[in-house]
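Here the structure is a predicted model, which is why all the values come from computation and not from measurement. Residue numbers begin at 1 in each chain, while the letters A, B, ... track the order of the sequences.
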Amino acid sequence: MQITQCTFYQTRGFSMRYSQYFIPTVKETPADAEVISHQLMLRAGMIRKVAAGVYNYLPLGLRSIRKVEQIVREEMNRAGAIELLMPMVTPAELWQESGRWEFYGKELLRFKDRKDGEFCLGPTHEEVITDIVRREIRSYRQLPINLYQIQTKFRDEIRPRFGLMRGREFIMKDAYSFDVDSSAADISYDKMYQAYRRIFERCGLNFRAVEADTGSIGGSSSHEFMVLADSGEDAILSCSACDYAANVEKAESKPFPESTGELLPKEAVATPDRKTIEEVASFLGVHPDQTVKALIVVADDEPVMALVRGDHDLNELKLKNFLGAAELEMATDEVYVKASGGPVGFAGPSGVTVRVIADQAIQGMCNFIIGGNAKDLHFRNANHSRDFDVTAFADIRTVVSGDPCPRCSSGAMEVWRGIEVGHVFKLGTKYSEKLKATYLDADGKEQVIFMGCYGIGVGRSVAACIEQNHDANGIIFPIPIAPFHCIVSALSVKEEPVVKASEDIYNRLASAGVEVLLDDRDERPGFKFKDADLIGIPLRIVVGAKNLTEGKVELKHRRSGEVELLPIDEAVARVRKLVAEALAQ
RNA sequence: CGGGGUGUAGCGCAGUCUGGCUAGCGCACCUGCCUUGGGAGCAGGGGGUCGGAGGUUCGAAUCCUCUCACCCCGACCA
């Protein structure tokens, strides 16, 4: 079985002698690396930091990155997308046209050229790609089209951290689809969704595709591709029974049935110095789920009261989206006091003049406890509609583990941590309208193009892979993105037979298309084993003097630790077979 | 941007509170010997504007002022 050669960038069919290569490994764990992937990438000599959130990709790191890029490329091409390359430096005018020059804020790194012209480093390329398309696409006959690039992005993150997981400069694949209408755009979106599944499967990642908020990119709907890892920065929820899965920012809660209980008379109770839900509930001898928490937020300068059940948390993003607000933040104490009419800790919905948005869970409650809008005062047996007005009921709380699934009847939601490695968006006409990207339809009428955009964090995917694939000794790369498939450890470089056999194996593997690293360094065996484990090469052939007298070498599997003692021919054949199988798509 | 912390050899750190001889230790590096199946051992050696600037002092890594960088927590963010 011959392994396919890649022509775009030579990742495959590459062989190297360790003594002539550049893999600066470190024994000690760097002090300022928090997460395991960051530590291991530094220790394995894959990356080095240049500035906060800015890294050198050393040869080993670059090789893995190129592998991911290549998988991405193959799958994007398979899905009909076309590669191009846009500049990293983009002029302010395009961003002013879309309105994002102001909207994007400090994350956009801006600078001036010698003629005082304003530019920025591209954090994403909707503007630039739309500019290309509006200039070149005239007719419905030219649609659909999907263009992508793999390129370095720069976002001046407030707090870069975790190595390649959240850098300021990072490699990203970004694709943009252009369609005649919304349903055609849905097809493009679905193709990308499927391509993404294939990409992350081929990378050997354990991931979930979840429904997500669209954030500052905008658009109507989106999915995030989340690699499951405890160190993940996002919380995601998935149903134990059906396919429903969503980012915690987006995850829907299931409405409760309207309460049918008998309404008791409302009653004022003194609650001296009891401000928090826990204090009030325990003072009155009830569970927090029989109380209602009133929070004051400011949405685009308007104070709004949000109500959630005492044991629930407000999901600010859901509320912001429900209100259609551009900005939403928790109110300051002054605003709180003014809006509720009482001191902090005693706000309640009765008698307030601001809009009251209640979580839908409250519809299912009766005879609950609310704040009295006065010092040391709460009410018990309060009921909505009867005792206070609600402007609207909405899903505004954060879903938690164990909540019933909003989509099916039997499942319960489970919480996971995830690393966002890909994100697909339906953009609709948000950018095409602003930038006037239109085409003429079959009737000669001008129509606005429907867009989608699709990102993959390449470096982050490698980091995420390491988060999922490591042990106490180091990285355990899956073959498809390993920097080398196999390492040949020549145990003694002073013994002629060992050297000869090692080089023979090395040459045979290399010519069979296996990417092989020959550890020909004059080092003690333990030293070589530690390095081989650390850098995570999936297969290792150990050539030692003793086994060699019987014509045998050792094949060790990095992941399982399994060791096979095999004649040389068999070892070579076995490595070829394992690699070919792992790369078969 | 708010709160906290750290800057001393390539890496990891001690020394700073309580100023004082030539600024130390481990790893790494160089030379030699020895060793070769899980980061060996011995001997010798090189490497420092103590983040930077200014100040106090007979004398500053150490005290004071300013500044820069990096890290952590928070808010924010494909």
K.L.:
Heavy atoms from C-beta onward define the side chain here; which of B/G38, B/G37, B/C70 lies closest to that of A/D533?
P.N.:
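Among the listed nucleotides, the one closest to the side chain of A/D533 is B/G38.
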K.L.:
I'd like the P distance from B/G39 over to B/C50, given in whole Å.
P.N.:
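Comparing P positions in B/C50 and B/G39 gives a spacing of 38 Å.
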K.L.:
Could you give the distance separating B/U62 and B/C1 at their C1' atoms, to the nearest angstrom?
P.N.:
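Comparing C1' positions in B/C1 and B/U62 gives a spacing of 32 Å.
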K.L.:
Give the table of side-chain donor-acceptor pairs shorter than 3.5 Å for residues 535-554 of chain A, with sequence neighbours excluded, one pair per line with atom names and distance.
P.N.:
unit_1	atom_1	unit_2	atom_2	d
A/R540	NH1	A/D533	OD1	3.3
A/T549	OG1	A/K546	O	2.5

K.L.:
What is the base-pairing partner of B/A61, counting Watson-Crick and G-U wobble geometry with both distances under 3.5 Å?
P.N.:
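Pairing partner, where one exists within any strand: none, as none qualifies.
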K.L.:
I want to check one thing: is the phosphate of B/U35, taken as OP1 and OP2, less than 4.0 Å away from some side-chain N or O of A/R524?
P.N.:
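Answer no for this pair, as no side-chain N or O of A/R524 is under 4.0 Å from OP1 or OP2.
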K.L.:
Does the side chain of A/K106 get closer than 4.0 angstrom to OP1 or OP2 of B/C77 through an N or O atom?
P.N.:
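Looking at the OP1 and OP2 atoms of B/C77, neither is under 4.0 Å from any side-chain N or O of A/K106.
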K.L.:
On RNA chain B, nearest-nucleotide positions of A/E316 versus A/S492: which is more 5'?
P.N.:
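Taking each residue's closest nucleotide, the earlier one in sequence belongs to A/S492.
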K.L.:
Rounded to whole Å, how long is the line connecting atom CZ of A/F529 with atom P of B/A40?
P.N.:
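After rounding, the gap between these two atoms is 12 Å.
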K.L.:
Closest approach to the side chain of A/F170, judged atom by atom: which nucleotide of B/C27, B/G38, B/A78 is it?
P.N.:
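The nucleotide sitting nearest to the side chain is B/A78.
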K.L.:
Between the base of B/G7 and the side chain of A/D32, is there a donor-acceptor distance below 3.5 Å?
P.N.:
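No, no donor-acceptor pair under 3.5 Å.
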K.L.:
Under 4.0 Å between any heavy atoms, over every strand shown, what does A/N247 touch: base, sugar-phosphate, or nothing? Just pick one.
P.N.:
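Nothing, no nucleic acid heavy atom in range.
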K.L.:
What distance, rounded to whole Å, do you find between the two P atoms, one in B/U31 and one in B/C11?
P.N.:
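After rounding to an integer number of Å, I get 22 Å for this pair.
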K.L.:
For B/A14, which nucleotide in any strand shown is its Watson-Crick or wobble partner with both distances under 3.5 Å?
P.N.:
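Here B/A14 is not engaged in any pair, so there is no nucleotide opposite it.
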K.L.:
Output the rounded distance in Å from CG (A/L108) to P (B/A78).
P.N.:
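Answer to the nearest Å: 13 Å.
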K.L.:
Could you work out the separation of B/G19 and B/C68 based on their P atoms and round it to a whole Å?
P.N.:
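Pairwise P distance, B/G19 against B/C68, rounds to 30 Å.
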K.L.:
Classify the side chain of A/D531 versus the base of B/G39 as yes if they form a donor-acceptor pair under 3.5 Å and no if they do not.
P.N.:
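Pair found.
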K.L.:
Just compare B/G38, B/C71, B/C77 and give me whichever is closest to any side-chain atom of A/E107.
P.N.:
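So the side chain of A/E107 is nearest to B/C77.
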K.L.:
Indicate, yes or no, whether a donor-acceptor pair under 3.5 Å links the base of B/C71 to the side chain of A/R161.
P.N.:
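Side chain to base: no pair below 3.5 Å.
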K.L.:
Examine the base of B/G38 for any acceptor or donor lying under 3.5 Å from a partner atom in the side chain of A/K556, and report the outcome as yes or no.
P.N.:
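When only heavy-atom distances are counted, A/K556 does reach the base of B/G38 through a donor-acceptor pair under 3.5 Å.
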K.L.:
Measure CD/A/E233 against C1'/B/A78 and give the value in whole Å, please.
P.N.:
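A/E233 atom CD is separated from B/A78 atom C1' by 12 Å.
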K.L.:
Could you work out the separation of B/U56 and B/G15 based on their C1' atoms and round it to a whole Å?
P.N.:
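The same atom, C1', in both gives a distance of 22 Å.
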K.L.:
Do A/R417 and A/D234 sit within salt-bridge range, that is, some charged N less than 4.0 Å from a carboxylate O?
P.N.:
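Here A/R417 does not pair with A/D234 in a salt bridge, since their nearest N and O are not under 4.0 Å apart.
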K.L.:
Can the ring centres of A/Y193 and A/F225 be said to be less than 6.0 Å apart?
P.N.:
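Distance test on ring centres: under 6.0 Å, yes.
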K.L.:
Heavy atoms from C-beta onward define the side chain here; which of B/C71, B/G37, B/C77 lies closest to that of A/L491?
P.N.:
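That would be B/G37.
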K.L.:
Measure from the side chain of A/A51, starting at C-beta and using heavy atoms only, and say which of B/C70, B/G37, B/U36 lies closest.
P.N.:
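Closest nucleotide to the A/A51 side chain: B/C70.
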K.L.:
Any strand counts, and the cut-off is 3.5 Å on both contacts for Watson-Crick or G-U wobble. Which nucleotide pairs with B/C21?
P.N.:
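Check on B/C21: unpaired, no WC or wobble geometry under 3.5 Å.
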K.L.:
What I want to check is whether the side chains of A/H423 and A/S222 have a donor and an acceptor closer together than 3.5 Å.
P.N.:
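Per modelled atom types, A/H423 and A/S222 side chains form a pair under 3.5 Å.
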K.L.:
Can you figure out which of B/C13, B/A78, B/G39 approaches the side chain of A/A31 most closely?
P.N.:
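The answer is B/C13, which lies nearest to the side chain.
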K.L.:
Across the strands shown, which category fits A/K494 at heavy-atom distances under 4.0 angstrom: base, sugar-phosphate, nothing?
P.N.:
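Base contact.
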K.L.:
Check every atom of B/A75, B/C71, B/C77 against the side chain of A/R159 and return the nucleotide holding the closest atom.
P.N.:
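From the listed options, B/A75 comes nearest.
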K.L.:
Using the P atom in both, what is the distance from B/A69 to B/G55, to the nearest Å?
P.N.:
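About 23 Å, rounded to a whole number of Å.
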K.L.:
For A/E34, which contact category applies under a 4.0 Å heavy-atom criterion: base, sugar-phosphate, or nothing?
P.N.:
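Counting heavy atoms under 4.0 Å across all strands, the contact made by A/E34 is with sugar-phosphate only.
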K.L.:
A/D522 CG to B/C30 P: how many Å, rounded?
P.N.:
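Between P of B/C30 and CG of A/D522: 12 Å.
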K.L.:
With P as the reference atom in both, quote the distance from B/U18 to B/G24 in angstrom, rounded to an integer.
P.N.:
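It works out to 24 Å between them.
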K.L.:
Rounding to a whole Å, what distance do you find between A/R521:CZ and B/U36:P?
P.N.:
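The distance from CZ of A/R521 to P of B/U36 comes to 19 Å, rounded to the nearest Å.
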K.L.:
On the six-membered ring of A/F170, is A/K153 placed so that its NZ or CZ lies under 6.0 angstrom from the centre and within 45° of the ring axis?
P.N.:
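Negative - A/K153 is either too far from the ring of A/F170 or too far off its axis.
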K.L.:
Measure from CG on A/L534 to P on B/G38 and round the result to the nearest Å.
P.N.:
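In whole Å, B/G38 P and A/L534 CG are 18 Å from each other.
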K.L.:
Is any NZ, NE, NH1 or NH2 atom of the basic residue among A/D156 and A/R168 found under 4.0 Å from an Asp or Glu carboxylate oxygen of the other?
P.N.:
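Between A/R168 and A/D156 there is a salt bridge, with a charged N closer than 4.0 Å to a carboxylate O.
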K.L.:
So, is the end of the A/R110 side chain (NZ or CZ) under 6.0 Å from the ring centre of A/W101 and within 45° of the ring's axis?
P.N.:
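Checked: cation-pi criterion met.
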K.L.:
Please state the P separation for the pair B/C64 and B/G46 - nearest whole angstrom.
P.N.:
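These two P atoms come out 36 Å apart once rounded.
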K.L.:
Determine the contact category for A/R48: base if any of its heavy atoms lies under 4.0 Å from a base atom, sugar-phosphate if only primed atoms, P, OP1 or OP2 are that close, otherwise nothing.
P.N.:
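No contact at all - A/R48 keeps every heavy atom at 4.0 Å or more from the nucleic acid.
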K.L.:
Between the side-chain atoms of A/E523 and the base atoms of B/G39, is any donor-acceptor pair under 3.5 Å?
P.N.:
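No.
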K.L.:
Let's test this: given Watson-Crick or G-U wobble pairing with both distances under 3.5 Å, identify the partner of B/C76.
P.N.:
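No nucleotide pairs with B/C76.
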K.L.:
Could you check which of B/A78, B/C11, B/U35 has an atom nearest any side-chain atom of A/E28?
P.N.:
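Among B/A78, B/C11, B/U35, the one nearest the side chain of A/E28 is B/C11.
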K.L.:
5'-most contact on RNA chain B: A/E249 or A/K27, nearest heavy atom basis?
P.N.:
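Whichever sits nearer the 5' end wins; that is A/K27.
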K.L.:
Which nucleotide in the list B/C70, B/A78, B/G39 gets nearest to the side chain of A/K530?
P.N.:
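Of all the options, the side chain of A/K530 is nearest to B/G39.
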K.L.:
Going by the angle between their ring planes, with limits at 30° and 60°, are A/Y454 and A/Y189 parallel, tilted or perpendicular?
P.N.:
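Geometry flag for A/Y189 against A/Y454: tilted rings.
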K.L.:
If pairing requires Watson-Crick or G-U wobble contacts with both distances under 3.5 Å, which nucleotide is the partner of B/G41?
P.N.:
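In the structure as shown, B/G41 has B/C33 as its Watson-Crick or wobble partner.
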K.L.:
Check the distance between B/C1's C1' and A/E157's CD and give it to me in whole angstrom.
P.N.:
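Between C1' of B/C1 and CD of A/E157: 15 Å.
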K.L.:
Rounded to whole angstrom units, what separation is found between the CZ atom of A/F162 and the P atom of B/C77?
P.N.:
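Spelled out: CZ on A/F162 to P on B/C77 is 17 Å.
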K.L.:
So what does A/E329 hit on the nucleic acid, given a heavy-atom distance under 4.0 Å: a base, only sugar-phosphate, or nothing?
P.N.:
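Here A/E329 touches no strand at all.
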K.L.:
At under 4.0 Å between heavy atoms, what does A/G455 touch on the DNA or RNA strands: base, sugar-phosphate, or nothing?
P.N.:
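No contact.
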K.L.:
As a test of reading the structure: which of B/G38, B/G39, B/C71 is closest to the side chain of A/R540, going by heavy atoms?
P.N.:
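Nearest to the side-chain atoms of A/R540, counting from C-beta on, is B/G38.
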K.L.:
For A/T29 and A/Q39, which I'm curious about, is there any donor-acceptor pair between the side chains at under 3.5 Å?
P.N.:
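There is no such pair between these side chains.
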